[in-house]
Every structure is written in structure tokens, then in C-alpha cells.
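Quick note on labels: first sequence line is chain A, next is B, and so on, each numbered from 1. A quick note: this is a predicted structure, and the numbers were derived from the prediction, not measured.
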Number of protein chains: 2
Amino acid sequence: MTPETLSRREQNKAATRESIVAAALGLARERGLGAFTVEDIAESAGVSRRTFFNYFTSPEEAIAAPTFGFLDRALERLGDRPDEPLLDSALTVIYGLADNDLIAPMAESFLVAHGHEPVARFQLQAFEECREKIVAAIRGRGGADSLDGLYVHALAACVISCGKSALEVWMAERGGDLAPSSLARLRELLTASITHLKSGFAV
Amino acid sequence: MTPETLSRREQNKAATRESIVAAALGLARERGLGAFTVEDIAESAGVSRRTFFNYFTSPEEAIAAPTFGFLDRALERLGDRPDEPLLDSALTVIYGLADNDLIAPMAESFLVAHGHEPVARFQLQAFEECREKIVAAIRGRGGADSLDGLYVHALAACVISCGKSALEVWMAERGGDLAPSSLARLRELLTASITHLKSGFAV
DNA sequence: TTTCCTTCTTGCACTGAGTGCAAACTTGCA
DNA sequence: TGCAAGTTTGCACTCAGTGCAAGAAGGAAA
């Protein structure tokens, strides 16, 4: 958790942010999305309405925050493996993502947001930002100089698409169940989707 | 335009919708996104503020409307070719999309929205809805019964990703220029991205 | 044309999102 | 301890978004 490296200020900010997200997710679970106000979230998080808006510009953004966090962590891990073909790195990273601590908050955010367009749009934005960062990561790799922009963009987009598809199929099948057998199934789906991609979706 | 098949009522509604979208895009072009209110759009479109909200739930949705329209048209064409491998249909359909009337409003919406997250989220939603419809379309094809859910989801997502990547590279290169040579370049990019996908992004 | 029904538009009133500002408070550092 | 920088809060304001009911316009009949 690297708590010692953060100043008191940073710890406080992180804690405030956490409590806002938790409050928003809790209300969404209890009452359903759209059935509460920013005032409610702020009160439940123990901060003022104004402070909520210092952290998020809308309730939807707060609900979707875990998805951004999850994908950011995934990207860190991708950056740790720069000397490998992207699809191989993707397989390894993605495999390691099916891990309780990383995936639990995201699964909750996903479940709560399911079918709710205003929040789903933010989830899509999270994947889009991740895609853009993958483009940058590919560019930063050795031997990528010769690749044209289209190749890099499309490859990054397809890697994201495959990971997202596996997550969606898993959520549909298991509803975010975090039991070991369910996480094993997620790994299987993630591996299979990247394998499809590598084979050009040959039947 | 098929004007005779629509009743007066339907013509009026379509015209109102058009004028709202045009007004929103016009204001975005003149003043920039976020620098005008719904009141401004309504006034510019010659309707009441309340009527705006009968058509769209936010200014962002109105700005992104052409992207939804573009992708809906693309899907119609995909539905016209049910007896072909999906990637072949995608190539044909996508090729036909690089056509002035279809692409012009979408290009304008894309340009205006560039880098503006609230609108970009709606654009992403448009692609996401298109993806879901492609999943349904694949399911409706012959010989698709044996395909598992993951394969279908991931394939649809990758087709969308490749089309979107080609559009983005084209917008970045040509800024939505609609000259024949520019549209030829778009077709080239669309073809190349699907070719990459078919080859599993082999270098 | 008149009549009646349905659909669309509008005005009004209201809740609540989102933001700028300045005062109060907390932390970091000397 | 005291000052500088960062954070929270309250206040006031604009404007997004919605429910409702009255009015305008289209459609189909006599």
C-alpha cells in the first residue's frame, strides 16, 4: 500500500476520495442509481457537498472511479514489461489482473452501473483513456519505430476490446463472483480472447 | 430522402430534430463547446427550451447525434449482407461508408467534439451501441450457432475498434476533409485496419 | 367544413447539478 | 511558534433537467 511514502496531506486526500466513492457505491447498491443526490453522497461520506465537487464533477464519475483505478493499475504492469511483444505482455498482465484486491472494487462498480447509461459512458471513457495510454506505451517500446500510426492505434484498441469483452462475458456469467474458481474462469476468458485476436478470429 | 413515406407529423419531428442538431453544432463551431446554454440552442433552432429536452437530454447528446446516425446507417448496410463472413461484410460496408453524405455530419460532430470529454463520452456510447448491435447481427447469421459468446463479443468489439481507429487516424491526418482523395485515404485506412485484424496483427 | 382524437409544443414551477469566491481550518516547514 | 501552502466549507448564483397542464397542429371521420 506504500503508506509511508505519502504525506499526511496525501493520505487525507486519498481517504476522502475513498470515502466518497464508497458512499456513492453504497447508495447505488441500496437505493439504485439516480435515486440519490450529491447531497446524500456527501453526507454519507462525511464531507460537505462542495467537497464532493472538489473531487468529482458528477455522481456518475464517482461511481465509475474504480474502473479508472483498475485500468491504471493494469497499465502500470504493462509498463513493467517493455521488452516483449505487446500481445504477450497483454496476456501476462491480464492474467495477473484476475486477482481479488484489484478486481473487487471494479466488479462492484461494473455491477452497479450495469445498464445505466450515464455511468456506462464513464466506464467507456476509462477504457478509452487506457487505450490512449497503451498507444503511448507501444510507442515507447523497442522496435516500434517502424510501425505506422494505424497499426498501433488498431492494435491497442483491439487489445482493450478483447480484455473488455472477457470482463463482460465473465460479469454476465458469474456476476462478479470473486471465488477462486470464478477468477480462474476469468483468466480463461482473458486468455481465450487474446488468442482469438492473435489468430485473426479464424474459426 | 424517402419523403413521401413519412407523414407530416414525422416530417416535422425530423425537421425539428435536424434544426436542433444543426443549431448545437453551429454554436459549438462559433463559440466552442461549453460556451452556450440549452436556451441558446433552442433559440437558434427556433424552438422552446422545453422542446429541446423533448428531443435530447443534454447539449452533449445533441452534438453527438450525427455519430449515432452514421453508425445506424452502417448497421443497416451490414444487415443487408447476411450471407458472408463478418470480416468480409465489414470490409464492404466500411468501404461504402467513406461517402460524402454519410460521413460529412459525423465528421463535423467528431471535429467539434475533439478533446471535449463530455461529448466524447457520448461518441463512445454510439460505438458501444453499434458493437452490441453487431453482436446481435452475428447471432442472426447462418452458421453462427456454434460460436461461443466470447468469440462473438470480442470479434464485434475488434471490428468496431478497427473502424474507429481508422476514422481517428483519418481525422488526425486530414481533419475531416471530404475531398475525393481524402475519402480514398479513408478507405485505404479502413481496409488496412481490417486486414491487420484478419492477420492477427502479425508484423 | 366541422368535429373529435391524437400528437407535439410550450410555459411554468420546481429540484438539484455544478462553479466561483472568500473565509476558516489543517498540514508542512523553518 | 509562526508563516506559507493546501484543503474544506458555506454562500450565492446560473443553468440543466423534469413533471404538469394548457394550447396548437395534424389526421380521420361525418
I need a per-nucleotide contact map over nucleotides 23-30 of chain D, read 5' to 3'. Cutoff is protein heavy atoms under 4.0 Å; write B for the base, S for backbone only, - otherwise. --BBS---
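Listed pair A/T51 / D/dT8 fails the phosphate criterion, with no side-chain N or O lying under 4.0 Å from OP1 or OP2.
The nearest whole Å value for the distance from the CD1 atom in A/I63 to the P atom in C/dA17 is 13 Å. Spacing between atom NZ of A/K13 and atom P of C/dG28 amounts to 14 Å, rounded to whole angstrom units. Put simply, CG on A/L6 is 14 Å from C1' on C/dT27, counting in whole angstrom units.
For B/E18, there are no side chain to side chain contact (heavy atoms under 4.5 Å, CB included) partners at least two apart in sequence or on another chain. Residues forming a side chain to side chain contact (heavy atoms under 4.5 Å, CB included) with B/A192 (at least two apart in sequence, or on another chain): A/L150. Partners of A/Y151 under the ring pair (Phe, Tyr, Trp, His ring centres under 6.0 Å) rule, at least two apart in sequence or in another chain, are B/H196, B/F201. With sequence neighbours left out, the ring pair (Phe, Tyr, Trp, His ring centres under 6.0 Å) criterion links A/F70 to no other residue. Listed by chain and residue number, A/M171 satisfy the side chain to side chain contact (heavy atoms under 4.5 Å, CB included) test with A/A107 (two or more places apart in sequence, or in another chain). Qualifying side chain to side chain contact (heavy atoms under 4.5 Å, CB included) partners for A/S89, counting only residues two or more places apart in sequence or in other chains: A/L78, A/R81, A/E84, A/R141. Here B/S19 pairs with nothing under the side-chain hydrogen bond (donor to acceptor under 3.5 Å, both in side chains) rule; sequence neighbours left out. Scanning for side-chain hydrogen bond (donor to acceptor under 3.5 Å, both in side chains) contacts around B/D40 gives B/R31, B/T37, with sequence neighbours left out.
Of the residues in residues 15-34 of chain A, not one comes within less than 4.0 Å of DNA chain C through any heavy atom.
Each of B/F56 and A/N54 was assigned the nucleotide of DNA chain D with the nearest heavy atom; the assignment lying further toward the 5' end belongs to A/N54.
Nucleic acid contact for A/Y55: sugar-phosphate only, since backbone atoms but no base atoms lie under 4.0 Å from a heavy atom of the residue. Residue contacts shown for A/F52 are absent, as no nucleic acid heavy atom lies under 4.0 Å away.
Between B/S161 and A/S161, the side chains place a donor N or O and an acceptor N or O closer than 3.5 Å (distance only, hydrogens not considered).
Sorted by first then second residue, the salt bridge (Lys or Arg N to Asp or Glu O under 4.0 Å) pairs that include residues 102-126 of chain B, not counting sequence neighbours, are B/R29-B/E108.
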Return the polar atom pairs (N/O with N/O) between nucleotides 11-16 of chain D and the protein under 3.5 Å, or none.
{"residue": "D/dA16", "atom": "OP1", "partner": "B/V38", "partner atom": "N", "Å": "3.0"}

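In this structure, the separation between CG on B/L167 and SG on B/C162 is 11.5 Å, given to the nearest 0.5 Å.
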